[in-house]
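Everything numeric here is computed off the predicted structure, so don't read it as measured data. Naming convention: chains lettered A, B, ... in sequence-line order (proteins, then strands); numbering from 1 in each chain.
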Amino acid sequence: MTEEKIFSGQEERILSEIKGNKNIAGLHGPKNRAFALLKRVQGQKPVIDIERGLYFTRSFKETEGQPMILRWAKALKYYAEQATVYIDDDQLIAGRIGRSGRYGILYPELDGDIMGDAIGQLPDRETSPFDIDGNDARLIAEEIAPYWKGKTFHEDLIKALTPKTAALTYNNDKDFSSRFIVNETASFRSSIQWVHDYEIVLQQGFFGIRTEMGEKLRQLDPFSPIDQTEKKPFIEAVIIVCDAITLWARRHAELADEKALQENDLSRRTELKNIAEICRRVPEYPARNFREAVQSQWFTQLFSRVEQKTGTVISNGRMDQYLYPFYEKDIKEGLITDNDVQEIFDCEWVAMSQYIDLYISSAGGAFNEGYAHWEAVTVGGQTPDGQDAVNDLTYVLLKSKREFPLNYPDLAARVHTRSTQQYLAEVAETIKEGSGFPKLINDEEVIPLLLAKGADFAEAYDYSVSGCAECRMPNRDTYTSPNAYINFAAALEMTIYNGRMAKYGSELIGIETGEIDTFISFDEFFAAYLQQQKNFLKHAFIQQHEIIRLRANHFASPLGSALHKLCRSSLVDIHQPHIDGGIDLGYFEFIGYATVIDSLAAIKKIVFEDRKATLAQIKEAMTKNFAGYDILRQRLLNAPKYGNNDSYADELGKRLDKEALLFTRKYSAELGVNLDLRYVPFTSHVPFGKVVGATPNGRLAWTPLSDGSSASQGADTYGPTAVLLSNFATKNYQYHERAARLLNVKLSPACVRGEKGTKKLVDFIEAWRDLKLWHIQFNVINQETLIAAQKNPENYRNLLVRIAGYSAYFTDLSIDLQNDIIARTQNEAI
Amino acid sequence: MIFNIQQYSLHDGPGIRTIVFMKGCPLRCRWCCNPESQKTKPEISYDANKCLGKKICNECEKICDAGAIEFSDLHKAVIQRDKCSSCMKCVHECPAKAYKAEGHQYSIKEVLDIVEKDSIFYRHGNGGLTVSGGEPLMQGEFLIQLLRQAKKRRLTTAIETCGYADYPILKQAAKYLDAILFDIKSLDEQQHIAYTGKTNRKILQNFDNLCRDFPKLPKYARTPVIPGFNDSPDDLLAIKNYLANKPETVYEQLPYHRFGVAKYNALGRRYMMDE
Ligand code: SF4
Ligand code: SF4
């Protein structure tokens, strides 16, 4: 038989390892340094490092009563003085903010109240476990957690919510764990995903910022109460932070000197001396060459991670843009080669991979399975004057991603109508590698929306991808509060159960929209659903109001503010609700989109058109999880489904989208933000599914909801073009209150084999772009590989899959999520 | 009569294409992977894996006026093909969609409206409409009109043919084509008859004529390589030699696969390659 199986690059690598070929480096030529560094840390269970939590706690004890921004700056300064500094053997990049291997750090200002109890469970929890040293656990329980009890944002928020809102948000247990209905994400991260203006650090250094602030200090009105009580502490805080990061970098220089003295290997000694020189120079002063620029950016983002927990991990911004002048100059002068550049990047990626975003709460863990992280590097796109931005460094970054088998950093490629065929082909080749990179973001959708929200062309063209699918304008965006993730499949359940849910029995959680047998037409039923949907939105927006109000008292970001043009000019901290000239880009999430559409379509078809069942029968079948209702379940499963370019289902989807848009169009102004509709679940469609009983689309109880704007698992039977067209057909392009829709497409490697396959993948990407869809990402993998990996995880430890805007090791995921990924429709070549 | 319209096809012509499968074929290739395309009349295919089984469901049995449905030892529905009148009631009634009607009447407009749904995917890689089958030339008049209208809509067109047809039809169709995929299965006439049921003379004559009348039309000559039929080096070399000087001709060999085997069972037929 000649049924050949085609494998992706990643699959070939793993299969060759299973056959006993351990030399993965051999596959990719002489890159021994970064591979060796990676080998030392890859697959290790992360350990908790308490230094950040401890020094922040100690500093905060000393600064009570002072302005928040000053307290934050002082805590950072204390950290810079006290924390251990690290330079790893053979590393070219200096700096870690935790112990060797993979580490997570503590942010007790967020969850110190539950930290003491939670810490004991971390080593054994199913998703994203962490180890902890016994002595450190004691320090957490005795020193850190007690200080924060009663002071965290989480506790304040719980107190602030009205009972109706709280009932949709939290369980009534001791930790106020998430109910996964109208879920807040503000208490497990202190800001939404963020990206800094790294360019200012490379061009002016913190010395430049400090000088600017010194000037501002002199200009303050000595008699103005605002200047003296609000602006002055801001300026002082920024100056302290500039000094802190400089001091911290210098301590790395000293360490490098010490290590050089003890080093016998001559070439390593030279490297260490170079590192010392670099760390003495940056980030205080402008970078003079590529190596300094990379180190300067790395120090900045690391210190930013110490400052606050941006959900989830600070992004890297447009690396191929701000690093390009340094690269170009060094190449021209013969100081560096493309291989050197790739090695430096690979070293930085390993350093990045050692920091693991630690979520203490179970909700945070469930949202971000598989040690999620989104330190997105953006490549491609357009320059501020609207030209194609791709350069040689873009290609080095793509090449590094193809050749270095690591899921760090997350990589996002911007695509626009004039993207060259070469760029698109290299992007396609990288996708074909099969580890899920890069995800694609569409300039043709993002830029007009940014303009509609008030940005200038130059800012809009220069956006950075941030996190999973957000797009930031680093000197214009000023919104930071995390947002609500709303389980609309629960709203559907409440329409069936008259405001109640299968999981919670008789408790009235939503609103009563009528007993199921009182609806005599589909329109009536649909109207009832829309009332439930609107009720959820109402509470999400109430929640958001309280979050925005309270956060300003709990968090400050002197470093983030120092790197923001508008904060420096208005002398207001980035965490404050209003900053002059800012554009606030927030969002709320529609979770379970296809689950709801398909359920509505099934009811419309089976109950009101084919008249094969009554609503009461459907309710009865749902309560029994379809046991004994196989015939009915089959009818429901075979009703029209979203994702097939079928207007029957898509028109319902468009209506849901529109109703949500109209709500935010009307009320987001009251919050002072653009609260845009998004369809980006992270991994939350799994825990959200766990609270939702059987649904009328035939989905069984407690199984995952549909994911992002993708079709329900396995429901898209007309191929990927139909999935894209359904997405297009359900969007309301007339409104600008929308943001990302996350779209997963799974292709078999045979679909994209060879040069022809690359070309056809490019054709597909270009059609996606022309449809003005926001985001798309691909898993190029054989179904058999996933099934084999589930059976024999030990052989597939390094199998990467795309989840929701990030790639993670398949074997790090819970069984539920693994099954969910397997259940996504695989598109075979036809 | 069309049995399927398939979007996102990557292997039958340039770019991303939509394939319209027409029903009816003059050949009976033993390895055929689309047996549902062979007969001209609509047929019912059935997937026992989807059937809920008699213990749970007998909706099809209840609705069948001809009494053509019985249940197997495994409690799965089985159509007695000799009794079945092809009324299609069971297709509509089955909750699990275990039955599928293979073959629908479409108007040319209906076909092209479906094909055009994916037009945004065609424009970058020169993708478009491919008519396949079955043998599209068997419904010659429909095919020619379909292609003519497709050109009016500025769609790129291709057909996939076994080449066994009357030349005037092929010639008419070729006027509206941007590419043709043409099977050359074997130069050995006896083998050809044994495995496909028909001589290859007409096919080769058609290809020669096509090359003479449409030298500029891109031609993809293709050989499905079938074990025991045409997989010897001599067989394949003979085909290559035959094609050597043909104008605008690209040659491709397609590996044998058995993806169609399940379909034979679904139609209540036997797969000849295993005989
Ligand atoms: S109606 Fe369908 S599911 Fe029911 S017995 Fe017949 S074939 Fe099986
Ligand atoms: S097509 Fe009609 S006659 Fe044939 S099995 Fe189905 S219901 Fe019976």
If I measure from the heavy atoms of chain A, does Leu52(B) come under 4.5 Å with its side chain, its backbone, both, or neither?
side chain
Pick one of side chain, backbone, both or neither for Leu771(A), based on which atoms fall under 4.5 Å of a heavy atom in chain B.
both
Quick one: which of Gly125(B), Cys94(B), Gly127(B) has the most heavy-atom pairs under 4.5 Å with chain A, could you say?
Gly125(B)
Heavy atoms, side chains only, cut-off 4.5 Å: are [X] and [Y] in contact?
| X | Y | result |
| --- | --- | --- |
| Tyr8(B) | Tyr718(A) | no |
| Leu725(A) | Phe121(B) | yes |
| Lys760(A) | His124(B) | no |

When rounded to the nearest 0.5 angstrom, what is the spacing between [atom1] in [X] and [atom2] in [Y]?
| X | Y | atom1 | atom2 | answer |
| --- | --- | --- | --- | --- |
| Lys117(B) | Asp646(A) | NZ | CG | 7.0 Å |
| Leu10(B) | Lys759(A) | CG | NZ | 12.0 Å |
| Leu724(A) | Ile120(B) | CG | CD1 | 9.0 Å |
| Arg633(A) | Ile56(B) | CZ | CD1 | 11.0 Å |

Salt bridge between Arg123(B) and Asp770(A), side-chain N to carboxylate O under 4.0 Å?
yes
When you check the gap from the basic side-chain N to the acidic O, do Lys612(A) and Glu59(B) get nearer than 4.0 Å?
no
Are the side chain of Asn638(A) and the backbone N or O of Pro95(B) linked by a donor-acceptor pair below 3.5 Å?
yes
